[in-house]
Amino acid sequence: MPASSLESIVSLSKRRGFVFPSSAVYGGLGSTWDYGPLGVELKNNVKRAWWRSVVHERDDMEGLDAAILMNRLVWKYSGHEATFSDPMTDCRACKTRPRADHLFVAQKGRDPKGLTEINAAISAKELKCPKCGSTDLTEARPFNLMFKTTVGAVDTGDDSGLAYLRPETAQGIFVNFGNVLDTMRRKLPFGVAQIGKAFRNEITPGNFTFRTREFEQMEIEYFVKPGDDEAAHQAWIDARTQWYVDLGMRRENLRQREQTKDELAHYAKRCVDLEYRFPMGWSELEGIANRTDFDLAAHSRGPNNPDSVEELRYFDLEQKKHIIPYVIEPSAGADRATLAFLCDAYDEALVKEPPAEETAKLRDLVQSFAKSVAKRDNLAVDVKARLTEAAEAIAAELPGSLPRLLGLSDDADANRIEVFKKVRGVSEKLGDDYTRTVLRLHPRLAPLSVAVFPLKKNEPRLVEMARGIRKELQAEGIRTVYDDTGAIGKLYRRQDEVGTPFCITVDFQSLDDGTVTVRDRDSMSQDRAPRAELQGIFRKKLR
Ligand code: GAP
C-alpha cells in the first residue's frame, strides 16, 4: 500500500533520520525542515540522477552554479520586483491574513480579473474570512514573496544596499547566457542546467516539504531558434516525464497537465505541469514552459533596459543575422521530487492479522480518542476536524488501517490528548508484530545501497569479515554500512524501512567457504555469493 497520508511519511522521516523539523530545540520555525543523515543521501541521489540525466548523458547541455545574491536589477528586469506577489487581505475580526485571490475563486467560482475586481468584491461584502466567516476584510494588497537582505557592512536605511535572496535559479542562467555561449563555443540548440537554493516568503507553506520558504530547484533553460521551440518543448516534456518513470515512479501517479490560457504567464506560449498524486491530491512536481524570447530580451540592453551592458543574442549563420533565442524551461523542485519519490516508494502492509480481541481493544481506544478530541475546547477547529476524521476512518478500517494509525504517532496535536498515549502503546506493539514497512526506492536513489551484518556480534571472525566487506564495497563507491545492533530479522526490517535494496549476512559458512548471503529487499530472496564477486554484483545491480 503506498502512502495514503502524509502523516506516515512525516513520521517515518522523523523516526528514521530523513527529515527533522528545523531548530526544534527552540520550538522550531514554521515550515522549515532539516534533512537528516538518510534524507541528505536521498536528496543528493535525486540531484545526482537529475544532473547525470540532463547534463552528463546529453551532448547539448552545460552546467552552472550561479550566486544566490545577484544585482537587484536582475529582479527589476525579470519582472519579479513588480509582479512576484500574492494579494493578501486581513480579517479585522479574527486577525488572520488569507490570500484574497484564493477567497475570490473559492467563493465566486471563477478567477478574478485583477486586484480591482477582488477589492470591489471585498467592499461589496461578497467575500468572507475562511476562518471566522466575517466580511470585515481590509482592501487586498500585493505582498511580494522575495526575501530582502542588505549587502555591505552598513545598513544606510535607504535602498542602496538592498538585495534579494533569489526566488528562482533561472535568472542566474539567463544572465550567464553570453558567458556559456562564448566560453563553450555552443551553437543552438543548447541548454544550461543548474541546481540550487531558492527562497520565497510563501504565505501558505505546508504539506511537509512540499511548499517551504527555502527550497532547492533543479532548472534547465534550453535555448533554441524561434520556430524550433514547439518540437523542443514537446521533447523536454516527454524526457522529463520518462526520468521520473525510469527512477521507479509509478506511471499512474504521474500526469501531464496542460496549463489553461488564463493560467499561462503573459510571455509563455505553452506550459505543461508534471503533477504527482501526493497523499493530499494531484499537485505540481515540475513545470515545463515555452518562455519564448522574453527573458533574454528583458535582460538585453535596449529601449526597455538602459541598465544592461549586454545584448543576449545569437548570430545565426544561416540567416546571417542576430536573433534572440527562444527558451524552453523544465523547472523542477529537488525537495518536491524527493518527497514524491518517498511517497511513491512507501509501502506499509499488514503481514498477518492480529488476534481479533487485540484489534477490538485498539478500536475501542481509537474511538475513545475520537470522543476526547470532540470534547476538547482548546483545539483549533481545523485540528479537531482533521483528528476526528482520521480517528473515525482508522477505527472503521482496523486492522488494515494500523499502518495509518502508526503514522499518527508523532502528531503533536494527537499527543496532547491523554488517551492517545494508550493508543500509541498498543498500536506500536501491534505494528512491531504484524506490519512491515518497506521503502521501495530505486536502488540508485536509496540512501544506503548495502548493509552488512555479522550473524553474531560476539564472534570476532564474523565481525572482522563483515567489517572488511563493508570497507571493500565502500572503497568501490558503493554506499555501505555495517550494523550488529540486533538480531538479523530486526536488522532486515530496519533496512527495509529506509529502503536499503541489499543486505549481506556473514555467517559460519562464510568462514568456511568465503560465501555470504545476499538478501534482496523487494523479492526477499536470499542467495549465496562469493565475497570476491560482491563488488561486481553490486556494481551491476546499482548501475
Ligand atoms: N523558473 C520557474 C519557476 O521557478 P515555479 O513553478 O515557481 O517556476 C518550479 O517553480 C518548481 O520549483 C516547482 O514545480 C516546484 O517543484 C518547486 N517549488 C516552487 N516553489 C516551491 C516551494 N515554495 N517549496 C518547494 N518547492 C517549490
Side-chain angles (χ1 to χ4, degrees), residues 6 19 22 30-33 35 39 43 46-47 50 54 64 66 68 70 74-75 78-80 83-86 99 143-147 164-177 191-222 233 236-237 240-241 243-244 249 254-257 259 263-268 270-276 278 280 282-292 294-296 298-299 327-343:
L6 216 46
V19 180
S22 175
S31 296
T32 54
W33 304 94
Y35 286 82
K43 190 169 150 191
V46 170
K47 291 189 284 183
W50 182 86
V54 305
L64 181 77
I68 289 176
M70 302 175 82
V74 169
W75 307 109
S78 68
H80 284 78
T83 60
F84 195 55
S85 56
D86 288 335
R99 266 186 68 165
F143 178 84
N144 197 290
L145 302 183
M146 285 195 291
F147 279 101
Y164 299 104
L165 300 186
R166 66 180 176 201
E168 62 171 20
T169 61
Q171 299 302 324
I173 301 181
F174 296 131
V175 297
N176 273 293
F177 169 76
V192 180
Q194 173 166 227
I195 299 177
K197 289 266 181 174
F199 303 83
R200 296 181 190 176
N201 202 357
E202 297 280 5
I203 314 296
T204 49
N207 284 323
F208 195 30
T209 53
F210 178 82
R211 180 169 289 107
T212 50
R213 297 192 172 101
E214 172 183 343
F215 54 98
E216 247 176 316
Q217 288 188 311
M218 307 189 290
E219 294 202 290
I220 295 164
E221 305 302 335
Y222 192 75
H233 190 195
W236 273 111
I237 295 166
R240 292 299 307 137
T241 307
W243 181 78
Y244 292 99
M249 197 172 278
L254 196 58
R255 75 177 182 194
Q256 297 173 350
R257 190 182 68 82
Q259 281 197 6
E263 288 174 274
L264 278 183
H266 66 91
Y267 47 77
R270 183 185 173 209
C271 184
V272 170
D273 286 345
L274 298 187
E275 294 189 333
Y276 178 74
F278 285 97
M280 65 279 187
W282 287 102
S283 310
E284 180 186 326
L285 194 53
E286 167 162 356
I288 307 169
N290 179 344
R291 299 175 63 106
T292 67
F294 173 78
D295 306 280
L296 293 184
H299 289 302
V327 63
I328 306 300
E329 182 193 64
S331 173
D335 307 271
R336 266 192 209 175
T338 303
L339 180 61
F341 282 121
L342 262 180
C343 292

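We count ligands from 1, going down the list as the structure has it; atoms in each ligand are counted the same way.
- Nearest heavy-atom pair across Leu296 and Phe174 is CD2-O, 3.9 Å.
- Assignment of Asp335 to the shell around ligand 1 is not supported, since no heavy atom sits closer than 4.0 Å.
- Proximity of a side-chain donor or acceptor of Arg257 to a complementary backbone N or O of Asp273 within less than 3.5 Å is not detected.
- Between Tyr244 and Arg240, the closest heavy-atom pair is CD1-O, 3.1 Å.
- The protein non-hydrogen atom at the shortest distance from atom 6 (O) of ligand 1 is Glu284 OE2, 3.2 Å.
- In this structure, the protein non-hydrogen atom closest to atom 25 (C) of ligand 1 is Phe210 O, 3.1 Å.
- Between the side chain of Arg213 and the backbone N or O of Glu202 there is at least one donor-acceptor pair closer than 3.5 Å.
- Annotation: cation-pi pair Arg336/Phe210 present, NZ/CZ under 6.0 Å from the ring centroid and within 45° of its normal.
- Residue, atom and distance of the protein heavy atom nearest to atom 15 (C) of ligand 1 are Arg336 NH1, 3.4 Å.
- Among all protein heavy atoms, the one lying closest to atom 10 (O) of ligand 1 is Gln217 NE2, 3.3 Å.
- Residue-to-ligand polar distances place Glu202 within reach of ligand 1: an N/O pair is separated by less than 3.5 Å.
- Under 4.0 Å from ligand 1, not a single heavy atom of Thr169 appears.
- Using a 4.0 Å cut-off to heavy atoms of Glu329, the atoms of ligand 1 that qualify are 1 (N), 2 (C).
- In this structure, Arg255 is positioned above the aromatic face of Trp282, its NZ or CZ under 6.0 Å from the six-membered ring centre and within 45° of the axis.
- In summary, the atoms of ligand 1 found under 4.0 Å from a heavy atom of Glu219, numbered by their order in the structure, are 1 (N), 2 (C), 3 (C), 4 (O).
- Residue nearest to atom 8 (O) of ligand 1, selected from Gly333, Ser283, Ser331: Ser331 (by heavy-atom distance).
- Counting atoms of ligand 1 from 1 in the listed order, those under 4.0 Å from a heavy atom of Glu168 are 1 (N), 2 (C), 3 (C), 4 (O).
- Here is the list of ligand 1 atoms found below 4.0 Å of a heavy atom in Ala170: 1 (N).
- Comparing Gln171, Arg200, Glu275 by heavy-atom distance to atom 20 (N) of ligand 1, the nearest is Arg200.
- Ranking protein heavy atoms by distance to atom 24 (N) of ligand 1, first place goes to Thr212 N, 3.1 Å.
- Relative orientation of the Phe294 and Tyr267 rings is parallel, given thresholds of 30° and 60° on the angle between their planes.
- Of all the listed residues (Phe174, Phe199, Phe84, Phe215), Phe215 holds the heavy atom that lies closest to atom 21 (C) of ligand 1.
- Residues Thr241 and Gln256 bring a donor and an acceptor atom of their side chains to less than 3.5 Å of each other.
- Looking only at atom types and distance, the side chain of Thr169 has a donor-acceptor partner in the side chain of Glu219 under 3.5 Å away.
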